[in-house]
Amino acid sequence: MASPSVFSLFCMFSILLGMADAHYFSQNFYRRLCPKALSVIRTAVYKAVAKEPRMGASLLRLHFHDCFVLGCDASILLDDTATFTGEKTAGPNNNSVRGYEVIDTIKSQLESLCPGVVSCADIVTVAARDSVVALGGPTWSLKLGRRDSTTASFSTANSDLPGASLNLDGLIAAFDKKGFTAKEMVVLSGTHTIGVAQCKNFRGRIYNENNINAAFARSKQRICPNSGGDENLSGLDRTPNRFDNVYFKSLTEKKGLLHSDQQLYNGGSTDSIVETYSTDSTAFFTDVANAMIKMANLNLLTGTQGEIRTNCRKINRS
């Protein structure tokens, strides 16, 4: 029997290395299985953010709203069907969460390049990181190999996603439920340094609260009337398309847009953390990167759990 050729041995060795990568949750997960995966995601995100800077915050929020329900498993991407209710129509997400089409575009490109390899959950996770970088924020290393859920939870989306009306104790409790400290809660709230909010989510604050800069309140009232205009938009801080520490500076000036934002600096236990980040952007960048890594690893599906969806909007057997 003829001995294997050098080329055959090389191919076998490459396949085995690829399989080894595939069996671990690691930064090198796609190194051989789909070596261009990360560059495809990054290029698509940068293009989307260049076209509409707000999309960076939307993709970051999509990741947060995914991870805080069942874990970072792309459950938020599943569309409702006649027999299935997903998370998209839950209160915190309905007519609010955006970026689904960007994920669809990336998934389509990757399915053409590496069919059945790159999960929707990894796409959402990497896209969030790349969105922050695109808007001037820090980068961080991510382990990859998440798999996609075959279910979702409308009820958990309604119960576990912290809302704009929460007081400090409620915010601390909501993040503690997911394993985060009060400091990590503050630093993750600092991602509100990018993006916008709808009038309906800050109307109560600008008309009814006292711990607010009067001139700031008046300026927001011109955007958000006492009635009507529910979907009118305002930046969460004065540089909504730049990832920086202006959010924390705004809180120290009583210019937090949301009730839940200003709760972080309102004579409570987190005031000193806000003060630190308001004057030290390096500390904020370091801590937010570490907190994002932690969030990206919440309740993962790996190995043979879940599936790799072909279409991020539906499970494979549907």
Side-chain angles (χ1 to χ4, degrees), residues 27 30 34-67 72 74 76-77 88 93 95-114 117-142 144 146 187-198 201 223 231-250 257 281-282 284-286 288-289 291-293 295-296 311-313:
Q27 294 179 34
Y30 296 116
C34 192
K36 294 182 179 180
L38 296 183
S39 64
V40 167
I41 298 171
R42 181 173 59 251
T43 298
V45 168
Y46 284 12
K47 181 178 179 180
V49 173
K51 181 179 180 181
E52 183 195 9
R54 179 188 172 195
M55 186 54 68
S58 296
L59 290 169
L60 178 58
R61 186 165 181 255
L62 179 66
H63 177 46
F64 175 79
H65 280 228
D66 181 38
C67 295
C72 303
I76 195 173
L77 303 181
K88 287 183 176 180
N93 298 333
N95 296 318
S96 177
V97 172
R98 307 167 69 245
Y100 301 116
E101 294 78 10
V102 176
I103 302 301
D104 290 340
T105 297
I106 295 169
K107 180 61 173 176
S108 177
Q109 293 173 354
L110 289 173
E111 282 300 303
S112 296
L113 189 65
C114 313
V117 172
V118 183
S119 69
C120 303
D122 273 345
I123 293 172
V124 170
T125 300
V126 175
R129 189 265 313 273
D130 291 349
S131 293
V132 169
V133 175
L135 293 176
T139 190
W140 53 88
S141 298
L142 288 167
L144 302 170
R146 294 165 189 77
V187 78
L188 287 172
S189 296
T191 61
H192 281 182
T193 188
I194 54 175
V196 298
Q198 295 181 5
N201 291 320
I223 297 170
E231 296 183 1
N232 293 354
L233 300 175
S234 174
L236 284 161
D237 70 10
R238 60 181 178 269
T239 57
N241 296 328
R242 182 74 182 173
F243 199 98
D244 51 30
N245 67 334
V246 169
Y247 169 83
F248 294 108
K249 295 178 182 179
S250 297
L257 184 65
S281 60
T282 300
F284 170 49
F285 276 26
T286 298
V288 77
M292 289 298 300
I293 291 170
M295 187 177 76
N311 179 337
C312 290
R313 293 175 177 264

Heavy-atom pair of closest approach, residues [X] and [Y]:
{"X": "L62", "Y": "Y100", "value": "CD1-CE2, 3.6 Å"}
{"X": "A127", "Y": "L59", "value": "O-CB, 4.5 Å"}
{"X": "L142", "Y": "Q27", "value": "O-CG, 3.3 Å"}
{"X": "V187", "Y": "V288", "value": "CG2-N, 3.4 Å"}
{"X": "P53", "Y": "L135", "value": "O-CD1, 3.9 Å"}
{"X": "V49", "Y": "A134", "value": "CG1-CB, 4.1 Å"}

query = According to the interplanar angle, ranging from 0 to 90°, do the rings of Y247 and H192 count as parallel (below 30°), tilted (30 to 60°) or perpendicular (above 60°)?
reply = perpendicular
Between [atom1] on residue [X] and [atom2] on residue [Y], distance to nearest 0.5 Å:
{"X": "T193", "Y": "N241", "atom1": "OG1", "atom2": "CG", "result": "10.5 Å"}
{"X": "N245", "Y": "T239", "atom1": "CG", "atom2": "OG1", "result": "8.5 Å"}
{"X": "E111", "Y": "I106", "atom1": "CD", "atom2": "CD1", "result": "13.0 Å"}
{"X": "I223", "Y": "L233", "atom1": "CD1", "atom2": "CG", "result": "9.0 Å"}
{"X": "L236", "Y": "T191", "atom1": "CG", "atom2": "OG1", "result": "9.0 Å"}
{"X": "R238", "Y": "L257", "atom1": "CZ", "atom2": "CG", "result": "13.5 Å"}

Would you say the side chains of S250 and D237 form a donor-acceptor pair under 3.5 Å?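 Looking only at side-chain atoms, D237 and S250 do not form any donor-acceptor pair under 3.5 Å.
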Sorted by chain and number, sequence neighbours left out, salt bridge (Lys or Arg N to Asp or Glu O under 4.0 Å) with K88 holds for D79
Answer yes or no: is there a side-chain heavy-atom contact under 4.5 Å between [X] and [Y]?
{"X": "I41", "Y": "I123", "value": "yes"}
{"X": "Q198", "Y": "N232", "value": "no"}
{"X": "K47", "Y": "V45", "value": "no"}
{"X": "V124", "Y": "C72", "value": "no"}
{"X": "H63", "Y": "I76", "value": "no"}
{"X": "F243", "Y": "P138", "value": "yes"}
{"X": "K249", "Y": "D244", "value": "no"}

Under 3.5 Å: donor-acceptor pair, side chain of [X], backbone of [Y]:
{"X": "T43", "Y": "V40", "result": "no"}
{"X": "R146", "Y": "A296", "result": "yes"}
{"X": "S58", "Y": "R98", "result": "no"}
{"X": "S39", "Y": "K36", "result": "yes"}

In short, salt bridge (charged side-chain N to carboxylate O under 4.0 Å, His left out) pairs touching residues 54-66 with sequence neighbours left out are none
